[in-house]
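Notes to accompany the following structure.
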Protein chains: 2
Amino acid sequence: MTGKVDTRQAILDRAAELLQERGFNAFSYKDISTHLGIKNAAVHYHFPTKSDLGAALMRRYRERFDAWVAELEVRHANDPVKRLDGYLSVPLSYLRNGRKVCPIGVVEAEFDTIPEAMRDETRAFDARSRAWLAEVLEEGRASGIFRFDGSAADKALLITAALQGALQVARAGGVRLFFVALRQIKRDLGVAASVPTG
Amino acid sequence: MTGKVDTRQAILDRAAELLQERGFNAFSYKDISTHLGIKNAAVHYHFPTKSDLGAALMRRYRERFDAWVAELEVRHANDPVKRLDGYLSVPLSYLRNGRKVCPIGVVEAEFDTIPEAMRDETRAFDARSRAWLAEVLEEGRASGIFRFDGSAADKALLITAALQGALQVARAGGVRLFFVALRQIKRDLGVAASVPTG
DNA sequence: GTCTATAACGTGATAGAC
DNA sequence: GTCTATCACGTTATAGAC
């Protein structure tokens, strides 16, 4: 009802963009405040330290992922291909929205330099995301839709690592490389590429 | 003959460690100079700007890779499995030597914040590395040793992206995850894991 | 909840002596 | 080739007015 948007959320929105575009160490409170038309100190009011900001940011990623999963389960509860495509559409949206990379990947690349609270939230998000994909893969294999050797957990790890890496590689080598990786992932699962490939 | 080691090389050695441990933006000239027991200004003598340092660093990675390939070709010219294992031993050494990540991955994560000269060298290194792996995969498939669908270039891209991502994931989730990814990569190629798996 | 003002610090970089 | 000394700047963070 108020024309005013929630500043706290707006800060996190901008921080998320900056994280995935530049990394945690390469953006500042001023980058955020300028973008919102406020001052440096106002951001500190909402997040006293950068550690607070970073941890809240990763926590929100995880919460949103959980909400996204819950919604997807309702719509495509019994369709492994649709669930997989839903999962793959996340990094795809990162790529299309300014060649952003996976937040987990950036944070892990800077892991030894970021606040401990942020690392904890990252671990939680990472494990959650991988576990859900493993579930999808297992069901798809049981249905005879996916084909792969080894455990679903192992295969899920490989796929998430590849997606994370492919988003990064696309920065240096061009977006086409991400689509190639995506296609190969599906090929290796024995399914045709149904997500746009370029 | 002189007891003195080449300072320029020592700087690059330390910079390489710091890059793979902390990222390009999170280390300083002082981190390097202190480690070598010299002063900040001495480092600037060898590399006037950080851009110079970063570009020289990535160039050296590529040159060393080329030399490494040349040596490996002599020893294992006709053994795709040994050549693949050689390739996989590189990220493995990163992992074991202090949970370092792939230099290409870190740089790509920070891509929009690093000097253009450094980006150019990164692109060159990345393309070189992937092209060589594709060659190995193609020969291995022709010999009936590897099994995979799609082009060797596509498969090479997927594998390099996965290795890059897996090194990062191992930071948050533990080194075991890298070995799991490694095993799955080989499984998907239809070969048994011959590199230590944990 | 946002502002002004400022503190305290680390950074990349340079000048000039040795 | 390395040193001392210093500069200009950006950063996180805080105090206190409004």
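What you see is a predicted model; the values in this text were computed from it and never measured. Each chain gets a letter, A, B and so on, in the order the sequences are listed, and its residues count up from 1. As a basis for the values below, the full set of heavy atoms in this structure was taken, side chains included, without hydrogen atoms, waters or symmetry mates.
- The CG atom of A:Asn25 sits 12 Å away from the P atom of D:dT11 (whole-angstrom rounding).
- One atom, NZ of A:Lys30, and another, C1' of D:dA13, lie 16 Å apart when rounded to the nearest Å.
- Among the nucleotides C:dA13, D:dT12, C:dT4, the one closest to any side-chain atom of A:Tyr29 is D:dT12.
- In terms of position along DNA chain D, the nucleotide closest to B:Gly37 lies nearer the 5' end than the nucleotide closest to the other residue of the pair A:Asn40 and B:Gly37.
- In this structure, A:Lys39 fails the cation-pi test against A:Tyr45, since its NZ or CZ atom is not both closer than 6.0 Å to the six-membered ring centre and inside 45 degrees of the ring normal.
- The interatomic distance linking A:Asp52 (CG) with D:dT14 (P) rounds to 10 Å, in whole Å.
- When each of A:His46 and B:Phe47 is assigned the nucleotide of DNA chain C with its nearest heavy atom, A:His46 is the one assigned upstream, toward the 5' end.
- Between the C1' atom of C:dG1 and the CG atom of A:Asp6 lies a distance of 12 Å, rounded to the nearest Å.
- Atoms OH (A:Tyr45) and P (D:dC18) sit 19 Å apart, rounded to a whole Å.
- Distances from the side chain of B:His44 to the nucleotides D:dT14, C:dT2, C:dG12 place C:dG12 closest.
- Rounded to a whole Å, the CG atom of B:Leu53 is 14 Å from the P atom of C:dT11.
- Out of D:dT12, C:dC3, C:dT11, the shortest distance to the side chain of A:Lys50 is found at D:dT12.
- In this structure, the nucleotide among C:dA13, C:dT4, C:dT14 sitting nearest to the side chain of A:Ala41 is C:dT4.
- Rounded to a whole Å, the CZ atom of A:Phe27 is 18 Å from the P atom of D:dG10.
- Here B:Thr49 does not reach the OP1 or OP2 of C:dG12: none of its side-chain N or O atoms lies under 4.0 Å away.
- No salt bridge links A:Arg183 with B:Asp149; every basic N to acidic carboxylate O contact stays at or beyond 4.0 Å.
- The aromatic rings of A:His44 and A:Tyr29 lie parallel to each other, their planes meeting at an angle below 30°, with 60° marking the opposite boundary.
- If you take CG of B:Asp31 and C1' of C:dC9, they are 15 Å apart, rounded to a whole angstrom.
- Using a 4.0 Å cut-off between charged nitrogen and carboxylate oxygen, A:Asp188 and B:Arg187 do not count as a salt-bridge pair.
- Counting only heavy atoms from C-beta on, A:Ser28 has its side chain closest to D:dT11 among D:dT11, C:dT11, D:dA13.
- Picking from C:dT4, D:dT4, D:dG1 the nucleotide with the shortest atom distance to the side chain of B:Lys39 gives D:dT4.
- Taken from CG in A:Leu189 to CZ in A:Arg141, the straight-line distance is 10.0 Å, to the nearest 0.5 Å.
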